[in-house]
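The structure appears below as structure tokens.
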Amino acid sequence: MTVKNLGIIGGGQLGSLLATAAKKLNINTTVFCDDIDAPAQNFCDYFIHGKYDDKQKIQEFIQKVDVITFEFENIPFETLNEMNKFKPVLPKPSINRLIQHRLAEKDFVNKLNIRTTRYVSIEKKDDLETLGDFLPGILKTTTMGYDGKGQYPIKDIKDVNSMNIDFSKEYILEKLVKLKKEISVIVTRFGINNFEVYEPIENTHQDQILKNSLIPAEINKKILDQSTEWATRIAEELKYVGTLCVEFFIDRNENLYVNEIAPRVHNSGHLTINAYNISQFENHVRAVCSMEKIPLKKLHNAKMENLIGNQITPYRQNIKLNENQFFFDYLKKEIKDKRKMGHITTII
Ligand code: ADP
Ligand code: MG
């Protein structure tokens, strides 16, 4: 099937960059988003604004597109499942349901004999009382978290009383890893044992938000091989189609842990636009639209800096960039604290 119109659920920067990649391949895009100000409407061909459970809008979207994908994981499973009855949703809705729940996600990874952080399910406040062994830890909502939202670092049980935590939600308590480094591995899978994998990317966070990404990551060969093997095995086990990212922790004893899986393109892979012959976005579009896989070639080393909140302002005012620098403005309407507004990739 030749895909003429690709449907993308979610209209943030990842949706924008997917739409841009599709354009390059002569594929039109329709973005469906619940935010009337979604920045991706500046980059896509058609835009549908509506809530993700609006049956009429879902039908309108289905009519317009040939294949459906998404740029974020927190989409109601029922919505994806409904859409999948009419047009293929890739990656599969069941994958999304698994990964959007931190507990199910970690159970799945452990079943593959792949190491994660230690964790325990927390259903009520009392569950925390006896869990000294998991402290210091981070309490995270099992669903809907991103950029550190819905996360509470806990050093001591006594801290919990003074924190305003809504225990009507489900949580997971994770033991804090003494981090040496964080890396991510991005894989695009086209079919059975048919994938391309990008080299590990080294990531640094500020306030639990990604700030800088770098290739090559400064890691030893064992970590490089293990992270690559784990990421590709996860993609294979999921029978994944499209681009997926696995976030890893490396502790001070050089142990590798899976932190989380993103069933989508990932912020740390923005540098693939300038560093590779085919970006993570183009590869995602190629895979979900059943297009040809082109051998992946790294062209440059690179680093990427996220521009968060006001950090975008000087760049919008025509700062002179060097020849090896590439500025991306997500064209978000409003500058907000902690909001990712754009990024700069530097070829090194
Ligand atoms: P999000 O869905 O918001 O990306 P993550 O679980 O990836 O949530 O957490 C965001 C960041 O917080 C991580 O990249 C890491 O820097 C820090 N973090 C989260 N969990 C742990 C942990 N168990 N040990 C150490 N650092 C952690
Ligand atoms: Mg994360």
Side-chain angles (χ1 to χ4, degrees), residues 10 12-14 70-75 96 98-110 114-122 128 131-156 159 165 169-187 200-214 217 219 227 230-231 234 243-270 280 304-306 308 337-340 343:
Q13 62 267 26
L14 298 173
F70 43 86
E71 62 130 36
F72 75 117
E73 49 270 54
N74 297 317
I75 303 157
N96 192 283
L98 178 79
I99 294 178
Q100 67 179 219
H101 196 282
R102 288 189 196 275
L103 205 60
E105 175 191 24
K106 283 197 167 57
D107 286 347
F108 161 75
V109 174
N110 277 287
I114 294 176
R115 195 185 302 118
T116 64
T117 55
R118 289 187 57 216
Y119 62 99
V120 62
S121 158
I122 303 289
L128 282 168
L131 297 175
D133 206 23
F134 288 82
L135 300 179
I138 304 187
L139 191 68
K140 303 180 180 177
T141 50
T142 49
T143 56
M144 300 298 272
Y146 69 98
D147 286 348
K149 292 192 172 72
Q151 297 195 12
Y152 307 89
I154 298 179
K155 277 211 185 87
D156 191 296
D159 302 347
I165 300 171
K169 292 185 183 155
E170 267 182 66
Y171 291 87
I172 177 170
L173 177 64
E174 267 181 57
K175 177 113 174 155
L176 197 72
V177 173
K178 290 196 174 113
L179 287 180
K180 180 180 174 197
K181 225 166 248 222
E182 294 188 61
I183 58 170
S184 53
V185 174
I186 295 174
V187 182
I201 302 163
E202 182 168 336
N203 301 312
T204 46
H205 293 75
Q206 276 170 17
D207 301 324
Q208 284 150 307
I209 302 175
L210 181 68
K211 181 60 186 153
N212 291 292
S213 294
L214 168 75
I219 49 174
S227 59
W230 284 359
I234 286 170
T243 296
L244 155 151
C245 176
V246 182
E247 298 178 8
F248 295 93
F249 294 150
I250 303 168
D251 75 8
R252 292 181 198 158
N253 298 318
E254 299 285 338
N255 293 308
L256 185 69
Y257 306 78
V258 166
N259 168 29
E260 61 175 347
I261 304 167
R264 52 172 169 80
V265 289
H266 192 264
N267 189 174
S268 64
H270 286 2
Q280 62 162 351
M304 188 270 328
E305 181 187 355
N306 267 337
I308 297 165
D337 246 23
K338 299 196 176 173
R339 177 177 273 184
K340 292 168 180 168
H343 74 266

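All ligand and atom numbering here is 1-based and tracks the order in the structure. Throughout, residue positions are numbered sequentially from 1 according to the sequence presented.
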Donor-acceptor pair, side chain of [X] and main chain of [Y], under 3.5 angstrom:
| X | Y | result |
| --- | --- | --- |
| Thr243 | Gln280 | yes |
| Lys211 | Asn306 | yes |
| Arg115 | Leu256 | yes |

For Glu73, side chain to side chain donor-acceptor pair (under 3.5 Å) partners two or more places apart: Arg264
Non-neighbouring partners of His266 that pass side chain to side chain donor-acceptor pair (under 3.5 Å), sequence neighbours left out: Glu247, Ser268
Contact residues of ligand 1, where a non-hydrogen atom lies under 4.0 Å away: Arg102, Thr117, Ile138, Lys140, Gly145, Tyr146, Asp147, Gly148, Gln151, Glu174, Lys175, Leu176, Val177, Leu179, Glu182, His205, Gln208, Glu247, Phe249, Asn259, Glu260
Lys/Arg N to Asp/Glu carboxylate O, Lys106 vs Glu174, below 4.0 Å: yes
Glu260: its N/O/S atom lying closest to the Mg ion (ligand 2) (atom name): OE2
Glu247, N/O/S atom nearest the Mg ion (ligand 2): OE1
Contacts of Tyr257 that satisfy ring-ring contact (aromatic ring centres under 6.0 Å, His included) - sequence neighbours left out: none
